[in-house]
Colleague: 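Sending over a structure as structure tokens; questions will come in a sec.
Note that ligands are numbered from 1 as they come in the structure, with each ligand's atoms numbered from 1 the same way. Along the sequence shown, residues carry numbers from 1.
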Amino acid sequence: MSSKVYFLPWNKKGELYSFLKVAGIFNHVKARNFLAVKIHFGEDGNEGYIKPEYVLPVIKIAKEKTAYPFLTDASTIYVGERSDAYHHLLVAHKHGFSIENCGCPVVIADGIKGNAEKKVEVNMKYFKDVYIANEIYNADGFIFMSHFKGHGIIGIGGALKNIGMGCGSKAGKYAMHHSSKPLVEYELCVGCGNCIKKCYQNALSLVNKKIVMDEEKCAGCGQCISNCALQVFKLDWSEGAATVQEKIVEYAAGVLKNKSSSYINFLTHISKYCDCFRLTKNDPLMNDIGIVAGNDPVAVDQASYDIVNKAFGKDFFKELYPKIDSTVQFDYAEKVGLGTRDYVLIEC
Ligand code: SF4
Ligand code: SF4
């Protein structure tokens, strides 16, 4: 059976409040529920994140339902401005995610040091248990607000990525990334040392002015890839992307287990990399397209993918990442029962 997915073109973005009501994505929200509105606040220097003005209608509707909405995200595993709650909250505030602008508090879901988590049993292909950020686990229900764009490891970052990777604790994020250790072309290294301080695992060191990676310590976070201008580090495309996507889906299954949820994807400021990175001079790569919403994360991501490709005229994400099949996540999510790739698009 197909899922209903709703689309609001970007030139009608002023109608977001009524669009969200028509899309029926608050039907699951109940009075006095602690409703986690999961979003990415954007790394310091990033501009692609969903802006606070678009959060406001979401919070307004949640409050009309007398729920208790809060904005949330969890700590990153790379060293940046969002790797603990203290700095994460400062960045969120800097980017405008204040109570005044959004109408609700911001809660970093895995605690001040990013180590507050709950174990959830899933019994799937890669994981028996997954580790979810504490206040995500404690939420009664979810609205996932996801910026739909490219992603350096899995090709696409949309709702499934926001649920699975975004809600995992640090330990969970390590577990999902672990199969994507970079390949290292040691001879290209000039020994500048820039990458070493970005490696939270202390897996990098210089020996005779050349970088050395300790494979036992490496957790596959990919930070060194984006922090070496000489491209000494490269992804092992042969298996990492598909495996990481399937692991993300298993984490998504753990997050959504026994919880109600709905999904809003923003097809705006579309970039090659996710919001953990500063935008490059080429971003955004196309004009803003619109907003996709629904109650099925697979259908919402599939529709977003199709709409972007239609706007581009061919497979946009394949052009960005020729060696990644980023639809593995849709297939696997459908297979494990998170939703369907089959959807009916209703344009508002
Ligand atoms: S950033 Fe690149 S060039 Fe500099 S030490 Fe690291 S691997 Fe070598
Ligand atoms: S070596 Fe690179 S991929 Fe591995 S943990 Fe360090 S920064 Fe992350």
Colleague: Give the residues near ligand 1 by chain and number, with the criterion being a heavy-atom distance under 4.0 Å.
Modeller: Cys189, Val190, Gly191, Cys192, Gly193, Asn194, Cys195, Ile211, Asn227, Cys228, Leu230, Val232, Phe233

Colleague: Under 30°, 30 to 60°, or over 60°: which ring-plane class applies to Phe144 and Tyr263, parallel, tilted or perpendicular?
Modeller: parallel

Colleague: What distance separates Phe312 CZ from Asn287 CG, expressed to the nearest 0.5 Å?
Modeller: 12.5 Å

Colleague: Can the ring centroids of Tyr305 and Phe148 be said to lie less than 6.0 angstrom from one another?
Modeller: no

Colleague: Tracing side-chain links under 4.5 Å among I, L, V, M, F, W and Y, which residues wind up in one group with Tyr86?
Modeller: Leu90, Ile112

Colleague: For side chain to side chain contact (heavy atoms under 4.5 Å, CB included), just list the numbers for Ile196 and Ile211, CA-CA rounded to whole Å, side-chain angles, deciding distance to a tenth of an Å, and then say yes or no.
Modeller: CA-CA 9 Å; Ile196 294 174; Ile211 204 72; 3.7 Å; yes

Colleague: Would you mind telling me which of Asp296, Asp301, Asp306 makes a side chain to side chain donor-acceptor pair (under 3.5 Å) with Tyr343?
Modeller: Asp306

Colleague: Near Pro182, which atoms of ligand 2 are under 4.0 Å from a heavy atom of that residue?
Modeller: 3 (S)

Colleague: Can you sort out which atoms of ligand 2 are near Gln201, meaning under 4.0 Å from one of its heavy atoms?
Modeller: 5 (S)

Colleague: Just verifying a value: how many Å separate Lys173 NZ and Ile248 CD1, rounded to the nearest 0.5 Å?
Modeller: 10.5 Å

